[in-house]
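See structure below.
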Amino acid sequence: MEKSDLEAERVALFESVMQNQRRMKELETNLLSRLNSTQGSLVDDEELINVLQVTKTTAEEVTQKLTVSVTTEKKINIAREEFRAVAARGSILYFLIVEMSNVNVMYQNSLKQFLILFDNSITKSEKSNITSDRINIILKYLTHEVWIFTQRSLYERHKALFTLMMAMKIDLHEGTIKHEEFMAFIKGGASLDLNAVTPKPFKWVLDITWLNLIETNEKEWRMWYEKEKPEEEDIPCGYQKSLDVFRKLLLIRSWSPDRTLSQARKYIMDSLGPEYGEPCILDLEVTWSESEPRSPLICILSIGSDPSPQISALAKSKDIRKIIQNN
């Protein structure tokens, strides 16, 4: 059952209950009026007896409908709970986009714009009669569309950051990673006072590295640490097998911060899918299909980039007169 179907059925159910309650009220009022106006024996008033019979029959019908409405309401509530995951994913993605304004004040997006993407994930995604499958389809569609939409509005150096944060925020909500682990990745040992921790046991260990680590198996760890790409090598002390992709990312982030992005890409593909590990190429045709006359498309150019040929080709395919203005 779709979100729109749920709302429609809820409205219909509410209207039905209200209509039945009004009908019962009218019958009760009519019955009381007849009882007050009847003179003589009540059993001799055939019209009153008919009113009593109609009231009784209607009351039984309304009672049955109200019973059905209670059952229907429970079913609707169950279905709404099933779709709560979609609302939660939408909330995660929207507030992540909002938080990107802390990275660069230019990254501003409206809630109205986001809601269009959210609604499209329900109306345009593949349908399925199996609720769990349908929810997974919506989640996958919504996440990917928001990712593509946001990627094309970010500077190149911030695209990987957004994707990584998206993966971690989703996994954090689903309980795959803990809040302490999330904060350890974000802050590492930088938030600690170097004078408040145990002195470094080995001079080759950097201060920032020691704030995150323990003091065992120095030889193995040093050999691993000095590799050109330690994230591509087996991790000492059996951690290669015992750690999943995200925990390996935490380890790399602690030991070799300069190799974090390389391991982050592995985590992103493991968490979200292989397509998220590749660059998002701008498709003007898709962008055009998302636009409308009141929502202009603005290209902010960097040095060496010129989308004029693609814009000209798109305008030609749409039979649109192209106007180029240089400021």
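All values below come from the heavy atoms of this structure, side chains included, with hydrogens, waters and symmetry mates left out.
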Is the number of heavy atoms from other residues, nucleotides or ligands under 6.0 Å of [X] [atom1] greater than 12?
X	atom1	answer
Met183	CE	yes
Leu111	CG	yes
Glu126	CD	no

Should the ring pair Phe185 and Phe246 be called parallel, tilted or perpendicular, given that the plane angle runs from 0 to 90° and is split at 30 and 60? tilted
Trp255 and Tyr225 aromatic ring geometry - parallel, tilted or perpendicular at 30°/60° bounds: tilted
Going from [atom1] on [X] to [atom2] on [Y], what distance comes out if it is rounded to the nearest 0.5 angstrom?
X	Y	atom1	atom2	result
His158	Ser153	NE2	OG	12.0 Å
Leu249	Arg259	CG	CZ	13.0 Å
Leu117	Ile122	CG	CD1	12.0 Å
Tyr267	Leu261	OH	CG	14.0 Å
Glu275	Ile148	CD	CD1	9.0 Å
Leu93	Thr150	CG	OG1	8.0 Å

Heavy-atom side-chain contact between [X] and [Y] under 4.5 Å:
X	Y	result
Tyr155	Tyr107	yes
Leu164	Met168	yes
His144	Lys140	no
Ser128	Ile137	yes
Trp221	Ile235	yes
Tyr94	Asn109	no
Val103	Leu161	yes
Met165	Ile186	yes

Minimum heavy-atom separation for [X] to [Y], with atom names?
X	Y	answer
Leu96	Met166	CD2-CA, 3.4 Å
Lys266	Glu231	NZ-O, 3.3 Å
Arg134	Ser125	NH1-OG, 2.7 Å
Thr260	Pro257	OG1-O, 2.8 Å
Arg247	Lys178	NH2-N, 4.4 Å
Glu233	Gln240	O-OE1, 3.5 Å

Walk me through it: do Leu272 and Ile170 pass the test side-chain contact (heavy atoms from CB on, under 4.5 Å)? CA-CA 9 Å; Leu272 299 176; Ile170 291 174; 4.0 Å; yes
Please evaluate residues Asn120 and Glu145 with respect to the criterion side-chain contact (heavy atoms from CB on, under 4.5 Å), reporting the C-alpha separation (whole Å), side-chain torsions for both, the decisive distance (0.1 Å), and the verdict. CA-CA 9 Å; Asn120 286 344; Glu145 288 301 301; over 6 Å; no
same_hphob_cluster([X], [Y]) at 4.5 Å side-chain heavy-atom cutoff:
X	Y	answer
Val146	Phe83	yes
Leu172	Leu139	yes
Leu115	Ile138	yes
Val98	Phe182	yes
Ile130	Ile135	no

Test item: [X] side-chain N/O and [Y] main-chain N/O as donor-acceptor pair under 3.5 Å:
X	Y	result
Asn136	Ser132	yes
Thr287	Asp283	yes
Ser256	Ile252	no

Scan Tyr276, Tyr141, Phe162 and name whichever one has a ring-ring contact (aromatic ring centres under 6.0 Å, His included) with Trp147. Tyr276
Salt bridge or not between [X] and [Y]? Use side-chain N to carboxylate O under 4.0 Å.
X	Y	value
Glu232	Lys227	no
Glu156	Lys159	yes
Glu99	Lys169	yes
Arg89	Glu174	yes

Can you tell me if Ser101 and Gln108 form a side-chain donor-acceptor pair at under 3.5 Å? no
Quiz question: by atom type and distance under 3.5 Å, do the side chains of Gln151 and Thr163 form a donor-acceptor pair? yes
If you apply the rule salt bridge (charged side-chain N to carboxylate O under 4.0 Å, His left out), what do you find for Glu278 with Arg265, and how did you get there? CA-CA 9 Å; Glu278 301 299 329; Arg265 184 170 177 271; 3.0 Å; yes
As a quick check of understanding, evaluate side-chain contact (heavy atoms from CB on, under 4.5 Å) for Val86 and Phe118, giving each step before the final call. CA-CA 9 Å; Val86 177; Phe118 185 85; 3.8 Å; yes
